[in-house]
Structure formats: C-alpha cells, structure tokens
Amino acid sequence: MEYNFAKIEKDAKDKWAKEEVYKVSNDSAKPKAYILDMFPYPSGAGLHVGHPLGYIASDIYARYKRLCGYNVLHPMGFDAFGLPAEQYALETGQHPAVTTEKNIARYREQLDNIGFCYDWSREVRTSDPNYYKWTQWIFLQLFQSWYDRKENKARPIKELVAIFETEGNGSVPCPGEEKLHFDSARWKNYSEKEQRDVLMQYRLAYQGYAQVWWCEALGTVLANDEVVNGVSERGSHPVERKNMRQWFLRITEYAERLIDSLDKLEWSDAMKEMQRNWIGKSNGAEVRFDLSPAISVSVFTTRPDTIFGVDFLVLAPEHALVDDITTPEQKAAIEEYKTYVKSRSERERMSEVKQVTGCFTGAYAIHPITEKQVPVWISEYVLAGYGTGAIMAVPSGDERDHAFAKHFSIPVTNIFGDKYTGEEAYSSKTGIIENSDFLSGMSVADATESLIKKLEELGSGTRKINYRLRDAGFSRQRYWGEPFPIIYIDGIPYGTDEPVIHNEHKLGTLPVELPHVDNYKPGPEGQGPLANIEDWVETDAGERETNTMPGYAGSSWYFLRYMDPHNDTEFASRKATDYWNQVDLYIGGTEHAVGHLLYSRMWTKALHDLGYLSFDEPFKKLLNQGMIQGSSRFVHKIDLFFYTGPSGNATPLPVHNYNIFISYGKKKEAESNNNVARELMVEVCRLANIEIECLDNNVSINTSSSRVAVDLVDGLELKMESFKEWRTENLSAKFITEDDGKFICGAEVEKMSKSKYNVVNPDDIVAQYGADTFRMYEMFLGPIDVSKPWDTKGIEGVHRFLKKLWRLYADEQQGLIVTDEAATEAELRTLHKTIKKIGEDIERFSFNTSVSQFMICVNELSGCHKRAVLEPLAVVICPFAPHIAEELWLKLGNTGSVVNAAFPKYEERYVAENSKKYPVAVNGKTRAEMEFQLDAEQSAIEQAVLADEAIVKWMEGKPVKKFIYVKNKMINVVV
RNA sequence: GCCCUGGUGGCGGAAUUGGUAGACGCGCAGGACUUAAAAUCCUGUUUGCUGCAAGGCGAGUACGGGUUCAAUUCCCGUCUGGGGCACCA
C-alpha cells in the first residue's frame, strides 16, 4: 500500500464534506477564535500560487486552535465588485455578473482543492444584494451622522440639527467649511436646501469635489491604473485632471483616533508606521498673507520659526485664488502653465523634484510680520489636497523651495547664518535662528512658540495640526459596484431611509438593486453607465444617484457579516458580534497596508460610535504574508541593426518584421563585443534573406523584449516549438540560439498577474503532488512574511518527506504495520520535542521551521512503527497535512475525524536536557567544546575550562581578564 | 521623489532575547540495491591554505565604518531587490 495521495485526499475531502466537520456554531462553551483571511477578488486569471500562502498559514493556525479546543470561526468569501470585471465587459460584452460568477466558481474549486477548513455556509459575496443591502445601510448610517469633536465620536445628524435649532453652530465648528457660522435664528430661516447644504458639510458621508483623470475621447473617468504613460490604456487617448462632484467619507475626523488606537493593536511596527505616515500628522501653524484688503492666502507650515526667511509664496496651480490674483500681464503664462499641470499625475508632480517648474502670478502678498512684499507663484510641487494648498517658501531652509528660488533667480534671505552656505538649504531643525528680528538667537522650538504667539496676537495666524490624510473618495462613475441609496429631490440628495418633508412618496427600501444593463458605456458628461437607464434613474420621488461605490466599500465590513451571514434584519446581530468580537488573527498582504485596513478601522469605529458594535478596532492581530511573485520570462526580438559603412555614416537595417529572436546570452555578448555583433548581423541577413553591399566597422543592435508565458519556458530555456504555436504571429519566428542550441530567456521578478503571463496555477501542483505536499511546500519556502518569487524546485523534497512519513505507518506489501510495542526513550524524546516545537512554531507563525522539524522527526523515527508515537504524530501534523493525517487517523482505528482530535501535550521530562555541550572561546574565538551539567556551578566550570589543554594553549600564558559564562549558551575566556 | 521592507553557500532558507553561522530541504558528486530504469537507502557538499588521514589554521552573513568579551542580530553611512503612494484589488 503506497502513498496514494490522490485517493487519500479525495476520501478525506468527501468525508469532511459529508460530515460537515467545518460547520461552526455561534453557540459554544469553548473559547472563541476568529481567524480570517483577506478575501480575494475573483479575477479572471484564477487563483495563483501566491494567494494560498496566507490561506495555508491561517488554515494551519485555525486547525491548530481547533485541536487545542477553541470554537474557531474561519470563513471565506469574495470581494466581487471591481473594475477588472467591468473592463472585461467593455471588451467582450459579457456581463460582469456572469464573469464574476464564473470566476468565483473557479476560485471555489481551486480553494477546495487545497483542503481548507472554511465554513462555506458563511460565505459572503460583496456583489450579492443580500450583502450589499447592508453596505448601503452602513453608508446611510455614515450619511446620517456627523463627528462630534468634543465627545470624539460620531453622532446621529438629527442630534446636530437639534443643536443648530437651539444654539446655531457656535460650539460645533464645521469640518467642511471652517468659515461657516450661524446662530439658531439664522438656521431656522434657512431654506430646506440651505439647511441640507450646511448638513452636507458635516456628514461623515458627504458630497464634494475631487480631481479625477478624465478622458474626453472615451467620455469617461479613468482609474490611475488605466492611465499609462500619460494616455489612456484603452486606445491611448489623451487624458487630463478634471474636477468632478464625488462622494467622500470624512475619515479625516478619525485621524487622531486612528493613530492613537494603533497602540493597542498587535500589528507589526512596520504596518503601524505605514498607517501613521499615511495619516501624516504634523504640528505647525496656519499663517495668513494678505494680498489686498479683500483677498488673503492661508498657508500651512511646519516651520513657523522660519517666517523671516520667506522669500515668496507658492500656490498649487488648482488653488481657488489663482485666477483672482493673477495680473493681466501674467494671465497667458499662468493659463499655459495650468494646462501643463493638468496633464501631470500627482506621482509625477511629487517625484520629479529635480525638474523645477512654476509660474509667477504677478501678485504680491504682504508678509504678516515684516510687511514686506512677497511675490506669489504657482508650482506643481505644491499639491492642492495637502494643507491649504499654499506654502510660504523659505529657500534657505527647504530643499524644494531652494531649488525653486535658484531656478527662477529669486533672491534668498539667509536666516541660519553660517549654517546656510548658499549652495543648499539648511533643513535641519537643530541650531539657532538668525536674522529674524525678535526670533534671532532662539532655538527652533522656542522660535516656533514665540512666533505662533505673535501671530495669534496679530490675528494673522494660529497653531494648527495638519494631517496628510485626505477624505476618502467614495464614488466611482462605474457600473459594477454598489448603487447609492440616495435620491435627489429638486437637486437635494436624500437617503432612501429618511422621511422627506413636502414629498408624499416613499423613497424606497434597501437594497437598491443594481439594475441589469446591456452595455457598459459611460453615461452623459462622464456619469456612470447607470445614468443611461432612464427608467431606473427616474423614480416617483426623484432621481437616483448614478455613481456606484468604490471597490473598498464591501471589504470595509465583510468580517462582521461572517459572524451572522444570513441575518436579513441586521448587518449582524449584536449577540453574534459580541460573541465573535474582534478578529483574533487577520492574515493578508502588505499591499493593503493603508487602503483597506484604514477604511475597515474607520467603519468599525463609526459603527461602534453609533452603538452597533461593542469594539472599535476590527483586527486585533495582523499578520502580513509576503507576496509570492511571478518570475516573468522575456524573449528579445531583433528590431534594427546599425552599421557604419565606408562612408562613415550609420546605416539602419530594419529587420523587425522578420521575426528574429535572439537568445539572452547572445544578446549580451553582441552588446559588449563588436565582432560578435558583426557575426550576428551576417546571420540575421542570412535568416532574413537580405543582401547588403558592405558591412564595416561598428555594428550595434536594437532589440525589443516581450513577455512569454512561463509554461513555454523550462527554467530559462524556451521551448521554441511551443512558442511558435503560442500565437499565430510567432509561427514564422526564427531563433538565434546559444552555441549549444538552446534559446535562453531573460527573467525578471514581478507581481504575478495574467497580463504578465507568469501565473502558476496551484491546481497543477496539487494534481502532480497532492494538496498536502503543496501546503507543506508553500510553508517550507521560507518565513511567511517574506516575499519571494515562485519556484517549484524543491517540492520533491517535501513530497519525499510525506512518503517517508507514510512508510512509518504502512508498508507496500502488508498495509498497516503499526505495532503496540512500547516506545523507546529516544523515540518518545523525538515525539515530545516535536510536539513542543510545532506548538511553539505555530504560535509564532514560523511554519517553515515546523516543516523542518517534521522532517527531522521522521528521519529520527526511521524504522519506528509504534502506535504510542505515531498516533499523536498524526494529530500534530494534521494542521499542515490534514488529508494524510485523516487517513492515518482512521487507519489506526479511530472514529470521527482527526480534525476534532485533541492536540497532544508534550511531557517536560522528555524535552528537558540536563547537560549542554558548550562552545568555549578564548577572546571570542571558539577553541574547544566542553560538556557540563546545566546546574553546574560557575566556579567548577571555570576550573575545568582553565585546566583544559586546548584552552591553556590559546591563552598563551596570559592572565584571565574576564570569564564569561552564559548558561546554556557559551563560555568565553578573555585574556 | 516619499514611506515601508528585504539582502546569509550553487539555490530556498535556519540561527526565537547579542552567544558554536549554514539546521532542514533542493541541486550536485560518489556509492548500495537493480539486467536496466524508477523508487529507496548511505556518504560528502561555505570557502582558502595545509595534512596520507583524523584534523589544523584563516576568511566569511550586500558594501564601508562603529559599539561589545562576543554582531547575521545593535548604531551610522553606501549600494541594491521588492511593496505602497490615495479610482487595481
């Protein structure tokens, strides 16, 4: 009876399915554990070998916790709304609902194949109306709430209205429009529209304006991903930044709490750091510069102490005041510059700092302290979305300001004395401020305080905390997302849950179902496709919002739905959320470090504030698995030869259309060696049947690389025949190979994705080696949190290990060979050490070393067929290789399932050591190895060591300066 | 450009809290079994010098410095791979 993994795994899966062993109840006396994976977006490429890395880790942990007696919630679902399905629909006409369904079915099959212990009865799909009903419901809670800064929590908007009615907004400053002030009388005099406009400035979900990529030719808004090299990915049309009305979530109100409560989370420091940086809290001041009695510009600065070094102001080109302040002479130049900026992404604007651009508005502002005239410029390095969208430039103290001043020859005021050389800015916060009137001679900290005081006296500035975090854009002009439960009546947006005065119509119930469409073309004026469906948009009460929610809407709360997935009166019952509470372990990639994780945290806090949840952080412990990258393969096609003939002119020889590919090694050679290049050119002419009159002197080649599917490549060697058949245009391909006839591809490590042709499907691995091998191999690859390119090399070793394990229990001829013979001391030591190590390794998520330990264990147990050792071992390995564990468990005569067994406890007496072989060093260099009892006295050890021949030799007769003995570690003699 | 993160044999990696660098596996080399192959098992495998051998001596964790009795581990600087940068998910 050999290790027939295919049969073993099928039997185990059938049994688990039949007995519903993974179904978990909300009622249990056991302690709970909630172990969650970041659910996948079901892409058309299917699951690749990178996805399961985290899933296997969480599966091992979930199974282990279960064996340890926990009631474990370990669910899975699908993040099913998103852009790729819609793009695919645009290309092929297939409805996203259809392709999504198909992709989910494929994912499910692939996941099942690997043998995860998910409770599929709790599956959620964000595109299911029964699910997004509650996404819409939560949106309405956010829409109907505001943030009370005094109580530091979200509250219902009707409580805000009550405040307005009694006292106006004096005690509740408006987050959306700081200058808005009114008393109760004025509030009551507002029209309904005016009142709702005011409320909009307070709501946690609100409407505002944002810059988006706009493509005139496609008539649509594009995602950053859809803009490649400054043009649309689809059709290569020009694009520009355009301001459009959008929905937002007022996450900035939560900035402080999102920073503060990071402290109570068991997340990696790196992850917390990324969130802190993303939120980007900075202390500083807001300073007002007047341009005229009517016009002033506020700037935010983290260095108010440098105010005497201000040589100019810079506004973001999109700043609202630019048009008002620009002088007639500068109008044309400013317009031209603004047009240029419209074509630039934020990324480009931030990263290309060496390329200084900008334009003078012609206007001057008055310095609030010196009252000097300061020129006002605009430049792309100032972003509209950060701070006030305007800065005071201090070239002697800021790199970018300095570069700007130098580029435009603006005189620089030095406020740092010798520290500023004139060559580069002095941006350090150490030192003394000089040349600064009453601030001269002060440290940065003191000068900051004095200046803020002065500004506040003058009324031209104030202390200010600024966050880099921006409110989250929450609408997309797309089809495949959650519709908003919003209806416009006379242009005013209402939530579908509110009673509307003067309107007898009911606004409707949730869910607002996504209507079916026949095409996915954008609506008029850049609206989403929903705008095309008139009889959906038009209701008796008013018009529906035609935007849809972004991809992250559904994923911001899905972990709550798993707790009570079939509830149709609440998003989840309070009993269920109280019981399961926070996610105890959340596993996913760092690519979600700031998006998904931040939004989920905000939603949880808002739901907590509004009284729907008892906890205000969703994920107690977070583990980031590294990304399994693809290793892409490239072929290089020869495009062009240049050769220098007798005339001395470079002559181009275009050979692109001859489909000649050059092996990687040859290409490298030809690039560095002119003789090789020349031979190569002769060869190319032969292949292409070209005759050239002369070939002289220098030859160089141009090649272009393109990706080739990884399964057409064996290691780095291209399977040339398969390559020809891959695509019709390759049929005529000719190859210039290495001298041994092989064609070698270029390689590059990058994200695994369909478009890069580097996807490896886990199904293929499972079919060849079995799920248990696949699971253990992925864990064996390395630490869970480290990224690495996929490589199948080495899987044989893990497979061999499982076969070896199997042979401890069963024999090819006799079948089960387990005996009831008593185990030896050594065997028990091996077993108990393994139990201990595996338990510890799982708790610290060191799964790769667990696999090593299993290998060591099985090697040591070679020839042991004793039940006393093998039965516990089957349970210990169950989290890693559940199928073989189940089979062995049953073979040993057990009933039930190994999934429900108890994880064995190790016995101290089998794992304790009482002596240790110490490395003995002299001056830090190991010179001998000596064994001592662990409880030996230091004096005895010292005596023995100093008497040792080798040690004496290395001490060279010098006196002992220090004797270092670290128990259970090492001994060092310093002379 | 900014933020986060990694860099250890031919390869994946181990070394958990500053304490014997290279566990475990792959690959490779040699051997056993076999008519042969597969499968399985055994031995060796960081590197230089040295020795018939057992061994001995030295170097070595991207690079350059530093702290320490002791550094893969801590600090400073440099190079370099990966992820993110707000409408991919």
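A quick note: this is a predicted structure, and the numbers were derived from the prediction, not measured. By convention in this document, chain letters (A, B, ...) are assigned in the order of the sequence lines, proteins followed by strands, and residues within each chain are numbered from 1.
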ask   = Counting only side-chain N and O atoms of Arg476(A), is one of them less than 4.0 Å from OP1 or OP2 of C88(B)?
value = no

task = Decide yes or no, distance alone: a donor-acceptor N/O pair under 3.5 angstrom between the base of C24(B) and the side-chain of Gln853(A).
result = no

query = Can a side chain N or O of Arg800(A) be found less than 4.0 Å away from OP1 or OP2 on C41(B)?
reply = no

query = Would the Tyr558(A) and Trp603(A) ring centres measure less than 6.0 Å apart?
reply = no

ask   = Just to confirm, is there a sub-4.0 Å distance from OP1 or OP2 of A86(B) to any side-chain nitrogen or oxygen of Arg349(A)?
value = no

message = On RNA chain B, compare the nucleotides closest to Met970(A) and Gly782(A); which residue's is nearer the 5' end?
response = Gly782(A)

message = With a cut-off of less than 4.0 Å, is there a side-chain N or O of Asn848(A) near OP1 or OP2 of A14(B)?
response = yes

Rounded interatomic separation in angstrom, taking CD from Glu273(A) and C1' from G84(B) = 14 Å

inquiry  = Looking at Trp954(A), I'd like to know whether one of its side-chain N or O atoms comes within less than 4.0 Å of OP1 or OP2 on C57(B).
reply    = yes

query = Of Lys837(A) and Thr926(A), whose closest RNA chain B nucleotide lies nearer the 5' terminus?
reply = Lys837(A)

query = Who is the Watson-Crick or G-U wobble partner of G81(B), with both distances under 3.5 Å?
reply = U5(B)

ask   = Does a donor on one side chain and an acceptor on the other come within less than 3.5 Å for Thr849(A) and Ser846(A)?
value = yes

Contact under 4.0 Å: Asn624(A) side-chain N or O vs U5(B) OP1/OP2 = no

ask   = For Arg344(A), what residues pass the salt bridge (Lys or Arg N to Asp or Glu O under 4.0 Å) criterion, not counting sequence neighbours?
value = Glu352(A), Glu380(A)

request  = Measure from CG on Leu802(A) to C1' on C24(B) and round the result to the nearest Å.
outcome  = 14 Å

ask   = What nucleic acid atoms does Glu591(A) come within less than 4.0 Å of, heavy atoms only: base, sugar-phosphate, or nothing?
value = base

remark   = Partner of C57(B) under the Watson-Crick or G-U wobble criteria, both distances under 3.5 Å, comes out as G48(B)

ask   = Just how far, in rounded Å, is P of G27(B) from NE2 of His799(A)?
value = 13 Å

request  = Indicate whether OP1 or OP2 belonging to G56(B) is found under 4.0 Å from a side-chain N or O atom of Lys925(A).
outcome  = no

Who pairs with C24(B) - Watson-Crick or G-U, where each distance is under 3.5 Å = G12(B)

task = Report yes if the distance between the aromatic ring centroids of Tyr599(A) and Tyr552(A) is under 6.0 Å, otherwise no.
result = yes

request  = Verify the contact: side-chain N or O of Arg468(A) to OP1 or OP2 of C2(B), cut-off strictly under 4.0 Å; return yes or no.
outcome  = no

query = Does NZ in Lys242(A) sit with more than 12 non-hydrogen atoms of other residues, nucleotides or ligands closer than 6.0 Å?
reply = yes

query = When syn is taken as a glycosidic angle within 90 degrees of 0, is G22(B) syn or anti?
reply = anti

ask   = Does Tyr769(A) have its ring centroid less than 6.0 Å away from the ring centroid of Phe5(A)?
value = no

task = Ignoring hydrogens and angles, answer whether the base of C69(B) and the side-chain atoms of Asn972(A) contain a donor-acceptor pair closer than 3.5 Å.
result = yes

ask   = For U16(B), does OP1 or OP2 lie under 4.0 Å from any side-chain N or O of Arg844(A)?
value = no

inquiry  = Applying a 4.0 Å non-hydrogen cut-off, can you work out what Ala593(A) is touching in the nucleic acid: base, sugar-phosphate, or nothing?
reply    = nothing

task = Please report, rounded to the nearest Å, how far the C1' atom of C24(B) is from the CG atom of Asn859(A).
result = 9 Å

key: Row check, Trp214(A) ring normal vs Arg241(A) NZ/CZ: under 6.0 Å, within 45°   = no

task = For G27(B) versus G84(B), give the span between their C1' atoms, rounded off to a whole number of Å.
result = 36 Å

ask   = Does OP1 or OP2 of C2(B) have a side-chain N or O of Asn277(A) closer than 4.0 Å?
value = no

remark   = In Watson-Crick or G-U wobble terms, with both distances under 3.5 Å, the base opposite G64(B) is C76(B)

Complementary nucleotide of U40(B), counting Watson-Crick and G-U pairs under 3.5 Å = A32(B)

task = Report yes if a side-chain nitrogen or oxygen of Lys803(A) is closer than 4.0 Å to either non-bridging phosphate oxygen (OP1 or OP2) of U40(B); otherwise report no.
result = yes

key: For A89(B), the Watson-Crick or wobble counterpart (both distances under 3.5 Å)   = none

request  = Measure the distance from CD on Gln355(A) to P on G1(B) and round it to the nearest whole Å.
outcome  = 14 Å

